[in-house]
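Structure first, commentary second.
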Amino acid sequence: MHKFLFVDLDDTLFHSLAKCDPRDALQPIAFLKDGSANSYTNGRQRAFLDMVGQGMTLIPTTARDRDGLARVDYPFTHCRIIDFGGIILAPDGTPDPVWLARMGDDMATALPGLREVLAAIDHYARQAGMPARVRLVEDLGLPFYVNVKDAEKNLDRLDAIEREVVVPWLAAQGREFCLHRNGNNLAVLPKRLNKARAVEYLQARLRDEHGEIMTFGMGDSSTDARFMAACDYAIIPRGTQLSALTLGVL
Ligand SMILES: [Mg+2]
């Protein structure tokens with residue numbers, strides 16, 4: 001039986017240097033645009049990749065865009081789910097045309113709302129003198145979501161943006177949208193953009209191709225939970241947002 005591991009990348013398979021334990025034997029695995037390393041694996045993470053690479057097909061299921069995925073030094077050979085599920089790349093790197101058309105329609109519907117919340121956040125941050133980096137994240141010609149980072153990684157300021165702008169906007173006119181927070185990332189996403197939808201679509205295609213399959217889902221973040229729940233088994237790394245919200249609570 002074919003076994004597929006739908007796997008988030010950042011903070012699941014590897015970490016940025018700031019989150020690594022300096023006592024570990026670190027090796028670079030992901031790089032910035034200028035070619036400098038910014039994410040690393042420790043020995044256990046490399047052993048995990050070796051282990052799953054032997055018995056399973058890895059399908060990255062990531063918020064990274066196509067360029068960001070290309071800067072991860074791992075030989076993914078099958079489909080790749082990128083942009084929070086907005087794009088599915090075939091093994092040859094071309095976007096799945098059926099999924100692209102579906103997301104094109106969904107994101108055209110979402111675009112006015114994304115522009116509105118982006119303008120509201122931008123206005124608030126400027127008035128408050130916050131060094132917030134607010135942008136509409138696009139890939140392959142489609143707009144996907146609004147991302148906000150604080151230039152000085154001051155999470156109190158992101159909390160204020162969430163409380164004063166995003167929560168009231170979602171309550172008043174953003175019912176088709178949701179908020180995601182994890183560290184120095186605040187994102188406002190259309191609800192139709194989610195990894196679970198893309199995973200379910202791809203699972204159906206893989207079943208057409210292979211018959212019965214076994215699926216594993218692995219991620220670190222609360223936004224990964226839904227796609228992991230769509231798989232037969234879930235794997236949660238220790239010390240992550242998702243482990244604190246699930247196993248940690250129990
Ligand atoms: Mg992650």
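Note that this is a predicted model, so its numbers are computed, not measured. For reference, positions follow the sequence shown, starting with 1. Each ligand, and each atom within it, is numbered from 1 in the order the structure gives.
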Could you check whether Asp83 pairs with Arg66 (Lys NZ or Arg NE/NH1/NH2 to Asp/Glu carboxylate O, under 4.0 Å)?
no

Under a 4.0 Å N-O cut-off, is there an ion pair linking Arg157 with Glu152?
yes

Side-chain donor/acceptor of Arg80 to backbone N/O of Pro60, under 3.5 Å:
no

By residue and atom, what protein N/O/S atoms are less than 2.8 Å from the Mg ion (ligand 1)?
Asp8 OD2, Asp10 O, Asp220 OD1

Got a salt bridge between Arg102 and Asp106, using NZ or NE/NH1/NH2 to carboxylate O under 4.0 Å?
no

Please determine if Arg207 and Glu212 form a salt bridge, counting it only when a charged side-chain N lies under 4.0 Å from a carboxylate O.
no

Side-chain donor-acceptor pair present, Thr12, Asp220, cut-off under 3.5 Å:
yes

